[in-house]
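Accompanying notes for the structure given below.
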Amino acid sequence: MTGALFALLFFGSLAAGALGSALGMAGGIFVVPMLTLVAGVPFPTAVAVSLVSVIACSCASAPLFLSAGLTNLRLAVVLEVATASGALLGVLMVGVVPDAILYGIFAVVLLVSAAQMITGRQDRTTPSPIRAPRYPSLAGSITERAGVTTAYQVSRLPLGGGLMFGAGTLSALLGIGSGVLKIPAMDAAMKLPIKVSSATANLMIGVTACGAAAAYLLSGALDLELSAPVVLGSLAGSVLGAKILVKASGPTLRIVFTIVLVALAVPMAANAFGMNWGVSV
């Protein structure tokens, strides 16, 4: 590996880790496009390296979210059962799905998640006539920077569990940490505050990524040389991003999240149609 490539991967991963952690989804959603589109790394290798960076991001930023009282631990444990089951299915599908289809799925995931975030914003201003079931044991509260405490409850837990299963499957296939799916699911489907969704997803993605990364390591798809600068950059960026999430406002995070998702969907969709933007062929 050249010094220029090491620097590119380190600083690119630092930015990816900071932005991903600030949005509560680690940097995997940005690391995979960086490795495939910029560094020309094959998709399976990019997925394996990304999963390792996801674990690093989750471990580095989770303590700050916990100390700030943003993470709902009880809900994370419940949903992680479904997510881990989905990740197992995804691992079994590795090598079966062609790269072009994976790029297409990645692009669709990004666009659907962006649409869910927009719908979530509209749901906040339009009361629903249907009364959703509540789960008192999973309820919680967060204290904003201004000192205002907001209580929240969990809605539609079965729907959330089903979405988490799908998120786990795609996480193992795409190496994205699945925060990009978990956050919109908890925000729009389960009606959680955006900061709670982000912090709880950040804790869960590390657990989900561990099993999938181990499978890639055993199969020989994990490039340890590429992983070094990516993990180091992701660790530094995730600590910075966690501080940003604690201080940032919910509406701002939602807007940034939506813009980033749409921007990343374009090159991934291009590769799905064979344009090979930066892909090693």
Side-chain angles (χ1 to χ4, degrees), residues 1-21 25-61 87-88 90-107 109-110 168-180 205-238 264 267-268 270-272 275-281:
M1 179 185 297
T2 64
L5 179 58
F6 187 97
L8 172 66
L9 294 179
F10 175 82
F11 288 107
S13 299
L14 189 149
L19 183 56
S21 182
M25 57 183 184
I29 189 67
F30 310 114
V31 169
V32 172
M34 177 186 71
L35 290 173
T36 57
L37 304 177
V38 179
V41 176
F43 197 95
T45 303
V47 169
V49 173
S50 175
L51 286 170
V52 175
S53 76
V54 166
I55 298 171
C57 286
S58 177
C59 292
S61 54
L88 177 60
V91 168
L92 296 176
M93 296 172 63
V94 170
V96 177
V97 184
D99 287 357
I101 295 179
L102 291 177
Y103 279 115
I105 295 174
F106 206 125
V109 166
L110 292 170
T169 302
L170 291 178
S171 172
L173 278 174
L174 305 178
I176 58 177
S178 70
V180 68
I205 58 181
V207 180
T208 306
C210 280
Y216 278 98
L217 176 62
L218 293 174
S219 69
L222 178 60
D223 189 322
L224 296 178
E225 186 178 8
L226 282 175
S227 300
V230 172
V231 170
L232 290 174
S234 298
L235 280 172
S238 61
L264 286 174
M268 301 307 279
N271 283 329
M275 296 183 184
N276 297 323
W277 286 18
V279 179
S280 177
V281 294

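Keep in mind that what you see is a predicted model, and the values were worked out from it rather than measured. The figures that follow rest on heavy atoms only: side chains count, while hydrogens, waters and symmetry mates do not. We're numbering straight along the sequence, starting at 1.
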Taking C-beta and beyond as the side chain, do L226 and V41 meet within less than 4.5 Å on heavy atoms? yes
To the nearest 0.5 Å, how far apart are OG in S227 and CG in L232?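 Between S227 OG and L232 CG, I get 10.5 Å after rounding to 0.5 Å.
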N/O donor-acceptor pair under 3.5 Å between S50 side chain and V47 backbone: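 No; judged by distance alone, with no hydrogens or angles, the pair does not exist.
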Return yes if some donor-acceptor pair links the side-chain N/O of S58 with the main-chain N/O of V54 below 3.5 Å, else return no. no
Identify the heavy atoms of [X] and [Y] that sit nearest to each other, and give their distance.
X	Y	answer
V31	A16	CG2-CB, 4.2 Å
I55	A213	CD1-CB, 4.0 Å
M34	S13	CE-OG, 3.4 Å

[X]: side-chain contact (heavy atoms from CB on, under 4.5 Å) partners, not counting sequence neighbours:
X	answer
L5	M1, T2, L8, L9, A39
L235	A56, A60, V231
A15	none
L92	none

